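Because the structure is a prediction, the values reported are computed rather than measured. Quick note on labels: first sequence line is chain A, next is B, and so on, each numbered from 1.
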Amino acid sequence: MLAYILRRLLYAIPILVGVNLITFALFFVVNTPDDMARMQLGVKRVTPEAIMKWKAERGYDKPLLWNGEATGAAKATETIFFQKSALMFAGDFGRAEDGRDIAREIRTRMVPSLAIALPTFLLGLLVTVSFALLLAFFRATAFDFWGVVACVAMMSISGLFYIIGGQYLFSKMFRLVPISGYSGDLDAWRFLLLPVLIGVVSGIGSSARWYRTIFLEEIGKDYVRTARAKGLTDLKVMFGHVLRNAMIPILTGVVVVIPLLFMGSLLTESFFGIPGLGSYTIDAINAQDFAVVRAMVFIGSVLYIIGLILTDISYTLVDPRIRFE
Amino acid sequence: MMAIQPVLLWSDLCIWLLVLAAVGAAWWSSRQPPLRAAWSRVARNRVGMASATLLAVFVLIGLADSLHYRPQLPPKAGDDPAKPVYAIEVLSALDVLLMPLRTKVEKTYSEPLATRAYAKEMIEIREADGTVRKAREYPRLRHGGAHLAADEARAVSDIALRCALALAVGALIWTGLALLCAWRVADSRGIAIARAWRQIWRHEEGPAWNAVLLTLAAVLALAALIAGPAGAYHVFGTDKVGQDVLYQVLKSIRTALVIGLVTTLVTLPLAVVLGIVAGYFRGWVDDLIQYLYTTLNSIPGVLLIAAAVLMMQVLIDTHPQWFSTAAERADLRLLALCFILGLTSWTGLARLLRGEVLKLRELEYVQAAQAFGVSDLRIIARHLLPNLMHIVIIALVMDFSGLVLAEAVLSYVGIGVDPTMISFGTMINNARMELGREPVVWWSLVAAFAFMFAMVLAANLLADAVRDAFDPRMA
């Protein structure tokens, strides 16, 4: 098991290097730092000196890959690639446009992001799995039919609509919860209630329908018929047999997103004014803060790879047949 | 007759290429018995046919919006008559049809079907005795209900009359279409029209024409209710700058279709070629392709798109000399967005195809072909590709609705289409603060969401019908 995890971790290195190269190519080769400077400074203030100053402040004035003027190891380290891309592996993401340290900002903003994403994820999983179980339990009845119709309708509604409509309904018309905002102490639940609810509701459509197909596929198998023939109740078969076996395909889609919960949700956080990583990313995109976007891309892929490894480990927990050698 | 200069935008080219490809694919699959059988299973599905009809209406609107031209400016004194000057503005065939909607611009917000503006203003009121006084009033709209003049109270009956007239025209069109359909069915089955008519509504065999006709009836009725008063009123109201919301919604359809369809032009070749090559040749080729898609996959989609769009924006902004009109710039940005979406979304299909090819290549008929010395290319084209078609077709229809929804989100985040291009995303983005106004301005948002919902729902239902018909596990 340990050897397997180690091997997977080693396999992750070339992927991260690939991600790093892609972002490096996107941010520094497709457009030169001069282009970025011109864009950031605006058309009016562009002078060669201003561009030089902009680049020097951010360390973009070094050569891209190889510094012929430096000596020794500095030939490789005094370059944009090493300073801006390779150092990300060490957790050094540089500074944002406003001069703050990105790594530090990420650590503090992770908490509000998790405060929304984790309850949304857990509650959403609970609600969708139980709804799908219910649909599968009452399969081929009117309840199942209209449930699926509702799922298709719900997955056809734009995520923006859930947020805008929910804010209007609960905050503006009924005045139950504040429209947006966040607080660091225990009072935060008032701000989190609505985003979590909206997150859960907007996810029901597609996942419940997907889980229902998995359950139905499982119900058609021989062992279910055997269990019934033994005289077990429908409920026992559903929870003891079908649910347990359906966990494997469900886990494939679910575990991989757990680490990504740290990244927060772009839309929810920006609509509800929550100072998490999602709104950090959106602000960076709108302000064209390339350093922050680059850092988020890197962190996102690290978390995704961790999610892949966790998925494999979780298989061994739910399926005793799977052994990693 | 004013001369026009046809303009072929890059996205127009892609759209018409896709139409050509669709016609070609339809002709080709009509000659392939398995594909023919699967498509006729789709045609028998009533929900599938109803949603296909609705989508076809959207596509027709989108196609009308893909014939672009630049109108000629009226010649000025001193111009060379042999060299006409064309407007910088790029219009489409749809704009010609919607000319009254496009040009009748109000000052700012107005409610649907309103004759007066949304907010009070200081205006001069001319009394019956000729004196003029100033008062804070809701001013009359410049165009909405302007033909009523002083007789404003007549608006309700006027609207009802226009709707009734349009409904009558709609009913006539529907009857014509229904008769045409019955005549075609009667002709193909060699029976009398009256019998064909009964067969259509009973629907025991063949395509579900009853679903098509019912959907058409609903669409025509809705279109009549909208188009009837549209000439003299703003049926969906106007937005902040006074533009007609109905016009914007209709223009958004093309943008959504381009995003949903042109992206497949990028996804499809990448996914099919790389997926098959990885599965068929295995070894280091497989490793390389797997590495490629794992790497691309591991970057969260939105962030990769954000990074690529930001970089493209820098590229476009630093090279203004590439574009002669603003429409061309917006169009290129739209295409680039499709390209980026395609680059980030081919991995799922490629992985599916690779898995299927890994299975297929071990089957006897492929091994027999290999033993006979048939070339790899020929084996892929003759034995593997036809057996992968169902996966490709299912994936294509399933992706469409996701892409339409993604456009709205990306445009909201600021990494979608050009802000000057009308799309569901930009409409929602411009209207997002309007629910906070007093009184609430709801019409732009509701119109954009309703049209987007109709399109995505139809696409989802069609995708289900197609999956049921093509997936061998479902049979």
Against chain A, label [X] side chain, backbone, both or neither, depending on which of its atoms sit under 4.5 Å from a heavy atom there.
X	answer
B:Phe453	both
B:Asn297	both
B:Ile428	side chain
B:Val309	neither
B:Leu405	side chain
B:Leu296	side chain

Contact winner vs chain A - [options], heavy-atom pairs under 4.5 Å:
options	answer
B:Leu310, B:Val302, B:Thr294	B:Leu310
B:Leu461, B:Leu303, B:Leu292, B:Leu304	B:Leu303
B:Val404, B:Leu445, B:Ile415, B:Val456	B:Val456

Checklist line | Worked check of side chain to side chain donor-acceptor pair (under 3.5 Å) between B:Thr255 and B:Glu407 | finding: CA-CA 9 Å; B:Thr255 316; B:Glu407 185 274 327; over 6 Å; no
Proximity breakdown for [X] and chain B, heavy-atom pairs closer than 4.5 Å:
X	result
A:Ser158	both
A:Leu160	both
A:Phe298	neither
A:Ile305	side chain
A:Ile164	both
A:Leu267	side chain

Margin query: Is there a side chain to side chain contact (heavy atoms under 4.5 Å, CB included) between A:Tyr162 and A:Met154? Walk through the geometry before answering.
Written below: CA-CA 10 Å; A:Tyr162 287 107; A:Met154 282 175 85; 3.5 Å; yes
Note to self: Non-hydrogen contacts under 4.5 angstrom with chain A: give the residues of residues 338-351 of chain B involved, or none if there are none.
What the structure shows: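 The residues closer than 4.5 Å to chain A amount to none at all.
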Checklist line | Geometric class of the B:Phe58/B:Phe451 ring pair [parallel <30°, tilted 30-60°, perpendicular >60°] | finding: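 The rings of B:Phe451 and B:Phe58 stand perpendicular, inter-plane angle above 60°.
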Next item on the list: Please name the residue in the list A:Ile258, A:Val256, A:Val257 that meets the side-chain contact (heavy atoms from CB on, under 4.5 Å) test with A:Thr311.
Entry: A:Val256
Check: Is the side chain of A:Ser180 donor-acceptor paired with the backbone N or O of A:Gly273 at a distance under 3.5 Å, no angle test?
Finding: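 Checking the backbone N and O of A:Gly273 against the side chain of A:Ser180, no donor-acceptor pair under 3.5 Å is found.
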Checklist line | Among the listed options A:Met263, A:Arg209, A:Gln167, the residue most often paired with chain B at heavy-atom distances under 4.5 Å | finding: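 Maximum pair count with chain B is reached by A:Arg209.
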Check: Which one of A:Val19, A:Val293, A:Val302 has the most heavy-atom pairs closer than 4.5 Å to chain B?
Finding: A:Val19
Next item on the list: Start with the C-alpha gap between B:Ser401 and B:Asn460, add the side-chain angles, then the distance that decides, and say whether side chain to side chain donor-acceptor pair (under 3.5 Å) holds.
Entry: CA-CA 6 Å; B:Ser401 53; B:Asn460 275 334; 2.8 Å; yes
Notebook entry, point to check: Where do A:Ser113 and A:Tyr280 land on the side chain to side chain donor-acceptor pair (under 3.5 Å) test, with the steps shown first?
Noted result: CA-CA 10 Å; A:Ser113 276; A:Tyr280 190 50; over 6 Å; no
